[in-house]
There are 2 protein chains.
Amino acid sequence: MTDDAVDLDEKFSHFTEHWSPKLVARINDYDVKIVKVEGDFVWHSHEDTDELFLVLDGELTIQLRDRDITLRPGQLYVVPRGVEHCPRADSEVRALLLEPAGVVNTGDAGGDLTAVVESI
Amino acid sequence: MTDDAVDLDEKFSHFTEHWSPKLVARINDYDVKIVKVEGDFVWHSHEDTDELFLVLDGELTIQLRDRDITLRPGQLYVVPRGVEHCPRADSEVRALLLEPAGVVNTGDAGGDLTAVVESI
């Protein structure tokens, strides 16, 4: 990790793929990641941790089993640990994610969308 | 903490004071706080934790002993644990802070700017 200011727009310029979070900073043992998403993810949960989504651009729907949480730029939501969720975006969304280091994006679901997190 | 979306602009509308972080969300044992700052804070450090600053509006200078880190909207910096720093803003800045629950804003310095963090 660089010991310098991190410009999120500059970091977003380095990749185009969706559903593949990139590590941009670390605070203690937590990862600060950014991600571009579009379309539907997979239903999953994280048994051991909450997960924070902060939308920077676009509109993100975090589908829960009993309701939808809709996030626009400047809005955040913390998915509680153990709660099944499935993010969805009709057009591209840029978001910041926060969770402990080592959390797998697809949680208990696994599958093709499981990403290896690279530092950028 | 509400189990719903958090709109940061709406939260900022609830207070005017400077250097008094407000709790808007919690992720595991970490606090997500927002703060309005203007002027000079105090030199201090946090011996046990890193501290993340994400600027949402305005320009924030985080003075370190050997250099300044300047942050504009969409830019973040993680002050490493134990590193002395003194935030400064010539005009009002809105920022998001992240650190473990219970961290005191003035760290080892204490003094009049020490704030009790309220949830809003």
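We name chains A, B, ... by the order of the sequence lines, and we start the count at 1 in each one.
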Tell me, side chain or backbone of [X] under 4.5 Å from chain A's heavy atoms, or both, or neither?
X     : answer
B/P73 : neither
B/L76 : both
B/R67 : side chain
B/V32 : side chain
B/F53 : neither
B/L56 : neither
B/I27 : both

Looking at A/D66, I want to see if its CG is surrounded by more than 12 non-hydrogen atoms of other residues, nucleotides or ligands under 6.0 Å.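 Correct, the count exceeds 12.
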Neighbour count >12 (heavy atoms, 6.0 Å) for atom CG, A/D68: yes
Residue from A/I62, A/D9, A/L71, A/T49 scoring the most non-hydrogen pairs under 4.5 Å with chain B is A/T49
Do you know which of A/I69, A/D7, A/N28, A/L8 has the most heavy-atom pairs with chain B at a distance under 4.5 angstrom? A/N28
What part of [X] lies closer than 4.5 angstrom to a heavy atom of chain B: side chain, backbone, both or neither?
X     : answer
A/E10 : neither
A/L64 : neither
A/R72 : neither

Is the shortest side-chain N to carboxylate O distance from B/D31 to B/K22 below 4.0 Å?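 Result for this pair is no, no salt bridge flagged.
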Are B/E51 and B/R81 close enough for a salt bridge, meaning some N to O gap below 4.0 Å? no
Between A/E59 and A/T61, is there a side-chain donor-acceptor contact under 3.5 Å, judged purely by atom types and distance? no
Cut-off 3.5 Å, side chains only: do B/H18 and B/E92 have a donor facing an acceptor?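 Looking only at side-chain atoms, B/E92 and B/H18 do form a donor-acceptor pair, the distance falling under 3.5 Å.
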Flag this pair as yes if the NZ/CZ of A/K36 is under 6.0 angstrom from the six-membered ring centre of A/F15 and inside a 45 degree cone about the axis; otherwise no. yes
Check B/V117, B/I120, B/I34 against B/L23 for a side chain to side chain contact (heavy atoms under 4.5 Å, CB included) and give me the one that passes.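 In the set B/V117, B/I120, B/I34, the residue that makes a side chain to side chain contact (heavy atoms under 4.5 Å, CB included) with B/L23 is B/V117.
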